[in-house]
Amino acid sequence: MKFIRIFSIAVMVSLLGLAVVSAQDAGEKKKPTPEEKAVKGRQELMHVLAAQRGVLRAMADGKRPTDAVAFANSANAIAALSKVIPEAFTLNAIVGKSTAKPDIWTNQADFSKKATELSDKAAKVATLAVTDIEGAKAMVKDIKECGGCHDAFRVEEEKK
Ligand code: HEC
């Protein structure tokens, strides 16, 4: 089940990417450059991560009724998707509205490590949710891995 779910999420993410690209193709005569596509794709990935973290936060803060299965699903989604962050940043490109710092490509080992740390934390949260949902909710309030990477590898503006 879990793998099917993760797979569907991966398909959804790639479809999102395709939708963005084809919308641009239809709307403009000019095709997006590989750099523009890369920035768009990785920003979409970040938005999916943010949406899933939003589910966890809403339950942790009591703004949404707690559902341990949905909670674990979102944590598993973050665990899986954060593993593809380094892949999404393969192309050294900072164009348009990108807030990426050049350090990503001069310090790739640290960048990848930060993605792994987020994945590991989310996997722990997902596992804990099965036996101790309150403990898992408490852990979510303290997910520093998103901001930790942004502090190092993203320019100040709109910091999360
Ligand atoms: C390994 C590093 C790393 C981790 C971990 C990470 N991010 Fe990001 N994030 C980035 C970088 C770099 C950018 C800037 C990308 C760009 O604009 O080219 C970014 C951009 C964003 C954006 C803005 C996207 C846009 O359209 O401008 C959001 C929202 C975001 N991240 C949310 C999250 C959330 C939520 C998490 C944790 C669940 C997270 N990120 C974890 C590196 C990371």
Side-chain angles (χ1 to χ4, degrees), residues 1-21 32-61 69-130 132 135-160:
M1 260 311 276
K2 195 163 124 186
F3 290 107
I4 295 174
R5 206 155 46 222
I6 289 169
F7 180 71
S8 328
I9 290 165
V11 170
M12 266 165 49
V13 170
S14 49
L15 287 178
L16 264 176
L18 286 176
V20 168
V21 172
T33 64
E35 287 76 15
E36 287 165 342
K37 278 196 212 173
V39 169
K40 200 88 193 165
R42 68 205 191 199
Q43 289 183 340
E44 290 295 342
L45 173 62
M46 288 295 156
H47 286 287
V48 180
L49 280 169
Q52 297 307 314
R53 188 190 57 176
V55 172
L56 300 181
R57 281 239 174 113
M59 288 188 199
D61 294 345
V69 172
F71 189 94
N73 284 348
S74 289
N76 276 320
I78 294 174
L81 291 170
S82 49
K83 285 194 181 150
V84 303
I85 294 176
E87 180 66 32
F89 283 85
T90 308
L91 190 66
N92 182 341
I94 302 177
V95 294
K97 288 184 183 150
S98 175
T99 55
K101 277 190 190 167
D103 311 50
I104 294 168
W105 297 278
T106 54
N107 200 353
Q108 280 175 317
D110 188 41
F111 186 74
S112 295
K113 185 167 152 263
K114 286 184 158 52
T116 304
E117 283 167 1
L118 172 60
S119 181
D120 291 348
K121 171 66 85 57
K124 274 188 197 144
V125 169
T127 306
L128 191 62
V130 178
D132 176 11
K137 277 156 73 174
M139 241 178 119
V140 158
K141 294 198 176 184
D142 197 34
I143 288 195
K144 295 199 170 70
E145 284 76 7
C146 305
C149 186
H150 293 167
D151 286 348
F153 293 110
R154 196 177 163 207
V155 290
E156 279 294 307
E157 168 202 74
E158 198 207 330
K159 196 161 74 182
K160 297 218 168 142

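In what follows, residues are counted from 1 in the order of the sequence shown.
Annotation: side chain of Leu118 is in contact with side chain of Ile143 (closest heavy-atom distance under 4.5 Å).
Atoms NZ and SG, from Lys114 and Cys149 in turn, are 7.0 Å apart once rounded to the nearest 0.5 Å. Put simply, CD1 on Ile104 and CG on Asn92 are 8.5 Å apart, with the number rounded to the nearest 0.5 Å. A distance of 12.0 Å separates CG in Asp132 from OG1 in Thr127, rounded to the nearest 0.5 Å. Separating the NE2 atom in His150 from the CE atom in Met46 is a distance of 5.0 Å, to the nearest 0.5 Å.
Within the structure, the ring-ring contact (aromatic ring centres under 6.0 Å, His included) test picks out the following pairs touching residues 74-93 (sequence neighbours left out): Phe89-Phe111.
The two residues Ala79 and Ala123 come nearest to each other via the heavy atoms CB-N, 3.8 Å. Met59 and Lys137 get closest at one heavy-atom pair: O-CE, 3.4 Å. Of all non-hydrogen atoms in Leu91 and Pro34, the two that sit nearest each other are CD2-O, 3.6 Å. Of all non-hydrogen atoms in Ala60 and Val140, the two that sit nearest each other are CB-CG1, 4.2 Å. Smallest separation of non-hydrogen atoms from Trp105 and Thr90: NE1-O, 3.7 Å. Annotation for Ala88 and Leu45: closest pair CB-CD2, 3.7 Å, computed over non-hydrogen atoms.
Look at Asp120 and Lys124 and you find no salt bridge, because none of the NZ, NE, NH1 or NH2 atoms lies under 4.0 Å from a carboxylate O.
In this structure, Ser119 contributes its side chain and Thr116 its backbone to no donor-acceptor pair below 3.5 Å. A donor-acceptor pair is defined here as one N or O able to donate and one able to accept, closer than 3.5 Å; such a pair exists between the side chain of Asn76 and the backbone of Ala72. A donor-acceptor contact shorter than 3.5 Å links the side chain of Glu36 to the backbone of Thr33.
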What verdict does the salt bridge (charged side-chain N to carboxylate O under 4.0 Å, His left out) test give for Lys113 and Glu117, after you've listed the backbone C-alpha separation in whole Å, the side-chain angles of each residue and the deciding distance to 0.1 Å?
CA-CA 6 Å; Lys113 185 167 152 263; Glu117 283 167 1; 3.5 Å; yes
As a quick check of understanding, evaluate side chain to side chain contact (heavy atoms under 4.5 Å, CB included) for Ile85 and Leu49, giving each step before the final call.
CA-CA 10 Å; Ile85 294 176; Leu49 280 169; 3.8 Å; yes
Verify side chain to side chain contact (heavy atoms under 4.5 Å, CB included) between Met139 and Lys121, making sure each step is shown before the conclusion.
CA-CA 9 Å; Met139 241 178 119; Lys121 171 66 85 57; 3.6 Å; yes
Apply the test side chain to side chain contact (heavy atoms under 4.5 Å, CB included) to residues Cys146 and Arg53: give CA-CA distance (whole Å), side-chain angles for both, the deciding distance (0.1 Å), then the verdict.
CA-CA 10 Å; Cys146 305; Arg53 188 190 57 176; 3.9 Å; yes
Side chain to side chain contact (heavy atoms under 4.5 Å, CB included) between Phe71 and Leu56, intermediate numbers included
CA-CA 6 Å; Phe71 189 94; Leu56 300 181; 3.8 Å; yes
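Remark: Lys144 engages Asp142 in a salt bridge (Lys or Arg N to Asp or Glu O under 4.0 Å) (not counting sequence neighbours). Legend: residues meeting side-chain contact (heavy atoms from CB on, under 4.5 Å) with Ala138, ordered by chain and number and at least two apart, are absent.
A 6.0 Å sphere centred on NZ of Lys101 holds more than 12 heavy atoms belonging to other residues, nucleotides or ligands.
Side-chain atoms of Ser98 and Arg42 form a donor-acceptor pair, as typed in the model, at a separation below 3.5 Å.
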